[in-house]
There are 2 protein chains.
Amino acid sequence: MSASAPTLRSLAKQLGLSRTTVSDALRGSPRVDPKTAERVQKAAREAGYRRNPLAGALMSELRRSRGTAFRGVLAAVDFTEPERPDAAARFHRELVVGAETRAGELGFKVEKFAVGHAGLSVQRLDSILQSRGIHGVILLPAWDEPDLSNLDWTRFAGIYTDYIIERPALHSVCSDHYRSLLAALQRLASLGYRQPGLFLQRHQDERLQFRWGAAFRAFQENQPEIRAVPPLIVDAYTKEAFVRWFKKHQPDVVLGHHTAAIDWMADCGAEIPERHGFVCLNKNMTTRPCAGLDLQPRTLGARGAELLIAQLQRNETGIPEWPSTTTIPARWSDGPTLRTGNAGHARTP
Amino acid sequence: MSASAPTLRSLAKQLGLSRTTVSDALRGSPRVDPKTAERVQKAAREAGYRRNPLAGALMSELRRSRGTAFRGVLAAVDFTEPERPDAAARFHRELVVGAETRAGELGFKVEKFAVGHAGLSVQRLDSILQSRGIHGVILLPAWDEPDLSNLDWTRFAGIYTDYIIERPALHSVCSDHYRSLLAALQRLASLGYRQPGLFLQRHQDERLQFRWGAAFRAFQENQPEIRAVPPLIVDAYTKEAFVRWFKKHQPDVVLGHHTAAIDWMADCGAEIPERHGFVCLNKNMTTRPCAGLDLQPRTLGARGAELLIAQLQRNETGIPEWPSTTTIPARWSDGPTLRTGNAGHARTP
DNA sequence: CGGACATGATCGGACTGTCCGCACGTTTCG
DNA sequence: CGAAACGTGCGGACAGTCCGATCATGTCCG
């Protein structure tokens with residue numbers, strides 16, 4: 001019994017074997033005599049041997065990648081959807097850039113694949129990934145719920161980069177819309193706005209399980225000095241409906257995705273930014289300069305790659321027993337559609 | 001220029017130095033001549049050297065704990081709070097069990113520490129963890145916002161097992177209260193309940209940024225066949241306030257933490273489970289048998305350990321640039337306080 | 001001026017577990 | 001009987017870090 005914890009080498013010496021044989025025996029390699037293996041395992045149990053997990057991870061990676069420069073490849077899978085708004089393309093690109101960067105730092109490469117409609121069939125994707133030896137899949141957001149249940153998930157680890165995926169139910173990475181909207185409203189209040197209004201397309205809120213609307217109402221409910229303006233939630237954006245709502249409830253700041261609303265407000269006599277304001281709920285989706293939330297697609301992509309690589313390093317494939325959602329708050333971004341105040345911090349925690 | 005990625009040794013050879021000097025130079029050790037250090041750093045940049053994070057983590061552990069046993073160890077840190085409800089103890093225990101189990105599978109051990117009030121000071125904890133060579137910290141939930149900003153976070157990776165921690169702003173793991181309540185309400189609707197009521201202590205909702213209340217209202221708003229009952233949110237539980245609310249709005253099912261409400265409902269003439277129902281929002285906090293949400297502390301603890309170990313394996317310490325929150329939906333659990341229906345699945349997605 | 005001592009800069013050794021290739025001895029088979 | 005195949009075990013190389021050793025130079029004092 002030595003003072004320090006048993007290692008492979010001390011065990012090997014004690015047994016009169018080489019460290020290699022002990023290592024192989026403990027991991028059940030077929031290269032060692034079953035009798036020897038049992039003897040080693042018994043001795044390891046008795047000595048209380050516990051393998052160093054870090055060294056294990058390091059060495060297997062090291063040995064595997066001998067010579068070759070990169071250690072692994074991830075697939076970024078995009079669903080080609082004809083109805084998807086064009087603006088989403090930039091968001092997708094940023095997601096991929098973030099994933100590529102982080103993956104690169106961790107020794108992985110990212111390759112892009114397009115699936116559905118104008119792209120590959122799911123079967124075809126499956127066989128390509130299999131033959132290329134790719135085991136990590138990042139699924140980019142789809143406007144309608146994507147279906148990749150036909151992939152042979154016993155061989156893949158996957159991450160979805162949006163709130164919810166049911167087919168299959170994978171881990172996901174997403175912006176924290178609820179928290180971000182609360183923080184944005186708080187900021188607007190500190191800038192002196194008292195009647196914020198929310199302007200959304202129904203589908204936009206539905207696919208987030210109404211998180212935008214819920215955060216908006218929760219804020220109104222818990223801030224006595226805020227005058228309640230009912231959210232305007234429409235099936236399709238029309239100027240007419242917006243103008244009616246705006247004139248009736250007279251919000252002093254509007255939060256929404258559709259930047260054309262800035263013009264509609266002006267047409268109603270709003271003075272931006274002196275007396276009224278507009279906040280875009282996803283700045284990455286518009287080119288028009290305005291204040292709003294940066295949903296940080298790069299950070300999301302990076303975190304997605306990180307989670308995926310962690311799974312691969314644990315050698316975990318398949319559909320998780322309990323899928324989790326990892327969220328990151330949006331970053332506040334100033335712009336010309338709001339009056340300036342003494343609010344300083346760039347982060348919206 | 002070699003085919004494979006540059007290593008410490010290849011760099012050292014190229015520069016005519018030893019690997020030790022190169023390593024020290026790149027990490028800014030005061031032991032090397034500043035001129036040499038600069039030369040090394042320039043060469044490293046040009047060669048595109050990237051240090052292997054796994055090897056770094058392994059070796060620093062190994063060297064630090066020379067002789068003595070290095071095994072991966074995580075610290076589970078609990079804040080001793082006098083006002084904390086007793087029921088929370090069980091939740092904490094389950095969290096730790098989950099973390100221990102998952103950590104064990106990945107080759108790590110978990111040790112418990114109590115901080116504050118009746119336990120260690122933060123300074124003391126810092127020095128204990130340092131001298132024990134522990135770099136992973138799981139923070140258990142505190143009723144009030146915990147403060148561990150005095151720990152030297154350049155040497156630790158941490159995970160908080162509740163929604164929000166600001167001091168410091170770490171990654172966290174938590175139940176998905178918003179999604180879980182929506183799913184529970186959906187289930188109640190499918191069982192025929194039409195007037196659900198929510199009964200909360202204000203602090204319980206505040207510390208979740210009103211997610212319970214927000215999900216409740218979002219559901220009412222988007223389900224036309226549900227009759228709106230205003231939530232009852234109180235500073236302290238009293239029978240009187242509950243009875244007044246219950247008689248006025250006549251909910252047919254009440255969702256809340258406080259199981260004494262079951263008796264109060266009965267006193268008002270409610271028939272449980274034939275015509276009325278009660279749903280507990282955190283079954284792990286009560287011993288009374290009833291239907292409700294299992295927030296799955298074991299799964300949360302397990303996922304927390306997983307995320308923490310992933311950080312350690314990447315040799316990442318410190319406060320993350322963009323803290324993320326990882327959420328897991330609650331599991332629905334049947335019980336005698338609800339009438340049975342034809343709803344089958346155990347999971348609440 | 002020379003020896004004792006301090007300081008600065010660099011190096012070597014040892015440490016973890018894994019995987020590939022090699023070696024040695026035995027069995028199989030044409 | 002010789003060659004090939006197989007079973008089993010071993011050694012080398014690999015990553016980055018930290019402690020102590022080493023060696024050159026500078027400083028101080030008798």
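Computation of the quantities below employed the complete heavy-atom set of this structure, encompassing side-chain atoms and omitting hydrogens, waters and symmetry-equivalent molecules. Residue numbering restarts at 1 for every chain, and letters A, B, ... go by the order of the sequence lines.
- Atom CZ of B:R90 sits in a crowded spot, with more than 12 heavy atoms from other residues, nucleotides or ligands closer than 6.0 Å.
- Atom CG in B:L11 sits roughly 11 Å away from atom P in D:dA15 (whole-Å rounding).
- Between the P atom of D:dA15 and the OH atom of B:Y49 lies a distance of 9 Å, rounded to the nearest Å.
- If you check the side chains of B:R19 and B:S23, you find no donor sitting under 3.5 Å from an acceptor.
- Rounded to whole angstrom, the span from the CZ atom of B:F108 across to the P atom of C:dT16 amounts to 17 Å.
- Counting distance only, with no hydrogens placed and no angle test, the side-chain atoms of A:R9 and the base atoms of C:dT16 include no donor-acceptor pair under 3.5 Å.
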Got a list of protein N/O to nucleotides 23-25 of chain D N/O distances below 3.5 Å?
none

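- Residue-to-nucleotide contacts include a donor-acceptor pair under 3.5 Å from the side chain of A:R31 to the base of D:dG9.
- In the region residues 17-25 of chain B, proximity to DNA chain C at under 4.0 angstrom, judged on heavy atoms, holds for B:L17, B:S18, B:R19, B:T20, B:T21.
- The residue A:R27 sits close only to the backbone: its heavy atoms come under 4.0 Å of sugar-phosphate atoms, none of a base.
- In B:E38, the CD atom is not crowded: 12 or fewer heavy atoms of neighbouring residues, nucleotides or ligands sit closer than 6.0 Å.
- Between A:L8 atom CG and C:dT18 atom C1' there is a gap of 9 Å when expressed in whole angstrom units.
- Atom-to-atom, CG of B:D33 to C1' of C:dA9 comes out at 7 Å; the value is rounded to the nearest Å.
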